[in-house]
Amino acid sequence: MFEHIQQAAPDPILGLTEAFKADPRPEKINLSVGIYKDATGATPVMRCVKKAEQKLLDKETTKNYLEIPGAAEFAEGMRRLNIGEASLAVTEKRVFSAHTPGGTGALRVAADFIKSQLDGKKVWLTSPTWPNHGQVFAAAGVETDSFPWFDAANNVFAEEKALDAINKIPEGDIVLLHGCCHNPCGADPTGEQWKKIAEVLSTRNLLPLVDFAYQGLGDGLDEDRRGVEALLETCPEMIICSSCSKNFGLYRERVGAIHLVCKTADQAKVAGSQLKRVIRSNYSNPPAHGELVVAEVLQSEELTKIWIDELDEMRARIQSMRTLFVKTLKEMGCSKDFSFLEDQRGMFSFSGLGPEQVDLLRDKHAIYIVRSGRINVAGMTESNMPKLCQAIMDVL
């Protein structure tokens with residue numbers, strides 16, 4: 001029955017990790033997959049997570065199923081984190097929230113919800129965007145298209161082109177936006193630019209879908225929420241998909257959330273009932289461990305403080321690697337100006353390297369980055385920086 005099945009092409013990002021692991025060269029560097037690494041190149045378990053896990057272990061009495069949307073304390077904590085506890089949408093109970101298996105799971109639940117309740121509507125993706133976005137929506141049978149986002153010549157958000165394109169999207173369609181730390185280019189709108197985006201979305205009667213995967217790794221937890229807040233001020237309805245993989249370091253635990261923001265509390269209940277049907281037919285109910293870890297941290301003043309301190313350390317290290325990268329290349333006499341990396345935010349930036357240069361980095365120098373030229377800045381360390389910069393100069 002399976003003899004006709006053809007070999008699938010490797011995932012453009014995760015496939016690189018497999019190739020990296022198989023590479024025997026000891027000096028190899030992996031800047032492809034979006035995982036935070038500390039100064040030693042390790043991905044540690046956060047201190048707040050270890051403390052929360054111990055508390056959960058001490059008081060756990062059952063392994064019973066969670067409800068379809070997950071634990072209520074997790075939903076409450078994620079609403080405060082992603083939307084803001086002072087938000088009218090939260091205080092007026094106009095938000096239905098559910099725990100999903102990671103941020104990707106949140107996006108797939110959103111895609112299935114769109115297919116079942118808004119069938120015929122198209123999802124518009126920024127160009128560029130995370131490569132898996134298109135695959136997730138295609139798998140759910142939702143059509144996608146794209147609009148310009150990045151000004152490659154100046155390495156900034158292409159404000160004029162983006163706003164003009166959004167203004168031409170058919171009414172009722174969905175526009176997927178990156179809440180902060182745009183993946184893959186790291187180019188985010190300013191607060192004023194977010195307001196302009198929100199105004200166009202509202203005027204055109206478009207539904208914002210926010211992929212909020214990196215909150216806290218840009219400018220800070222509250223600061224990174226500026227885009228969501230600008231949209232909430234103008235748009236009466238939206239979908240937010242968030243992830244705890246990066247900011248809690250819970251990659252393998254698959255902890256994400258989806259929020260449906262509605263016009264009224266009654267509409268939130270109705271929409272939530274359909275979201276639960278989507279979840280029930282997919283994975284039935286979510287895994288508990290990672291979700292309860294996050295809930296434990298967000299409910300504890302002590303653990304929340306530890307978490308914020310750790311997040312501050314992670315964000316500062318990423319920014320310091322941006323600065324060191326630019327400084328090292330300049331000191332080595334690099335002819336190309338990479339200073340734009342210091343103005344971008346989050347774990348990723350476009351390096352401006354072409355596919356052939358990327359292949360040379362891998363084959364000649366054992367340095368792995370995505371063929372689009374996207375670099376995971378969090379994979380840089382003080383120890384691998386000289387080799388990395390020398391190799392980049394070699395392929396320019």
Side-chain angles (χ1 to χ4, degrees), residues 79 82-83 87-90 92 94-98 100 103 105-127 129-130 133-134 136-149 162-180 182 189 193-213 225-242 256-279:
R79 279 194 295 270
N82 299 151
I83 302 174
S87 167
L88 284 177
V90 172
E92 294 174 355
R94 294 190 284 111
V95 184
F96 181 88
S97 305
T100 60
L107 288 165
R108 179 55 192 262
V109 169
D112 287 338
F113 177 80
I114 289 166
K115 179 64 176 177
S116 66
Q117 302 303 313
L118 308 173
D119 193 18
K121 300 301 181 184
K122 187 183 293 187
V123 173
W124 293 77
L125 309 174
T126 64
S127 179
T129 195
W130 181 45
H133 276 149
V136 169
F137 289 99
V142 177
E143 188 179 356
T144 60
D145 209 324
S146 64
F147 66 97
W149 183 266
L163 290 174
D164 182 61
I166 295 172
N167 202 37
K168 295 175 182 175
I169 293 175
E171 289 195 12
D173 277 359
I174 299 98
V175 178
L176 192 154
L177 300 163
H178 300 233
C180 68
H182 188 283
Q193 288 171 332
W194 271 117
K195 290 179 181 178
K196 292 179 183 179
I197 293 171
E199 288 170 4
V200 175
L201 291 172
S202 179
T203 301
R204 294 290 302 161
N205 192 29
L206 301 170
L207 179 67
L209 168 55
V210 180
D211 187 349
F212 208 8
R225 204 168 50 227
R226 68 171 69 93
V228 169
E229 291 173 346
L231 294 170
L232 285 168
E233 287 178 5
T234 309
C235 302
E237 299 170 325
M238 63 190 295
I239 303 173
I240 302 169
C241 297
S242 72
I258 182 169
H259 307 287
L260 296 183
V261 181
C262 304
K263 290 182 179 180
T264 68
D266 287 341
Q267 287 179 7
K269 291 178 183 177
V270 172
S273 72
Q274 293 294 343
L275 196 75
K276 287 194 288 185
R277 288 189 65 187
V278 164
I279 291 171

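Numbers here are sequence positions counted from 1. Being a predicted model, the structure only gives us computed values, none of them experimental. All values below were derived from every heavy atom in this structure, side-chain atoms included, with hydrogens, water molecules and symmetry-related copies excluded.
Looking only at side-chain heavy atoms (C-beta outward), Ile258 and Phe96 stay at 4.5 Å or farther from each other. Using a 4.5 Å cut-off on side-chain heavy atoms (C-beta onward), Phe113 and Gln274 make contact. Considering only heavy atoms from C-beta on, Leu232 comes within 4.5 Å of Met238 through its side chain. Using a 4.5 Å cut-off on side-chain heavy atoms (C-beta onward), Leu275 and Leu260 make contact. Side-chain contact check for Phe147 versus Asn167: every heavy-atom pair is 4.5 Å or farther apart. Two residues are said to be in side-chain contact when any heavy atoms from C-beta on lie closer than 4.5 Å; Val175 and Ile197 fail this criterion. Side-chain atoms of Val261 and Leu231, non-hydrogen and from C-beta on, never get closer than 4.5 Å to each other. Using a 4.5 Å heavy-atom cutoff, the side chains of Leu209 and Phe137 are in contact.
Shortest non-hydrogen contact noted between Asp112 and Ala140 is OD1-CB, 3.3 Å. The shortest non-hydrogen separation linking Ile239 to Ala110 is CG2-CB, 4.2 Å. What you find for Cys262 and Ala268 is that their closest heavy atoms are SG-CA, 3.6 Å. Nearest heavy-atom pair, Ala162 versus Trp149, reported as atom, atom and distance to 0.1 Å: CB-CE3, 4.5 Å. The two atoms that bring Cys235 and Ser202 nearest to each other are SG-N, 4.2 Å, heavy atoms only.
Taking CZ of Arg204 as the reference point, atom CD of Glu199 lies at 15.0 Å (rounded to 0.5 Å). Interatomic distance, Lys115 NZ to Arg108 CZ, rounded to the nearest 0.5 Å: 11.5 Å. Taken from CG in Leu201 to OG1 in Thr234, the straight-line distance is 9.0 Å, to the nearest 0.5 Å. To the nearest 0.5 angstrom, Asp211 atom CG is 3.5 Å from His133 atom NE2. Interatomic distance, Ile83 CD1 to Ser97 OG, rounded to the nearest 0.5 Å: 5.5 Å. Put simply, CG on Leu88 and CD on Glu233 are 9.5 Å apart, with the number rounded to the nearest 0.5 Å.
A donor-acceptor pair under 3.5 Å is absent between the side-chain atoms of Thr100 and the main chain of Gly105, judged by distance alone.
Ring planes of His182 and His178: parallel class, angle under 30° (limits at 30 and 60°).
Salt-bridge annotation for Lys122 and Asp173: absent, with no side-chain N of the basic residue lying under 4.0 Å from a carboxylate O of the acidic one.
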Please lay out, stage by stage, how Leu206 and Ile174 fare under the test side-chain contact (heavy atoms from CB on, under 4.5 Å). CA-CA 6 Å; Leu206 301 170; Ile174 299 98; over 6 Å; no
Run the side-chain contact (heavy atoms from CB on, under 4.5 Å) check on Ser146 and Thr129 step by step: do they pass? CA-CA 9 Å; Ser146 64; Thr129 195; over 6 Å; no
Applying side-chain contact (heavy atoms from CB on, under 4.5 Å) to Trp124 and Leu176, what does each step give before you reach the verdict? CA-CA 6 Å; Trp124 293 77; Leu176 192 154; over 6 Å; no
Between Gln267 and Glu237, is the side-chain contact (heavy atoms from CB on, under 4.5 Å) condition met? List the steps. CA-CA 10 Å; Gln267 287 179 7; Glu237 299 170 325; 4.0 Å; yes
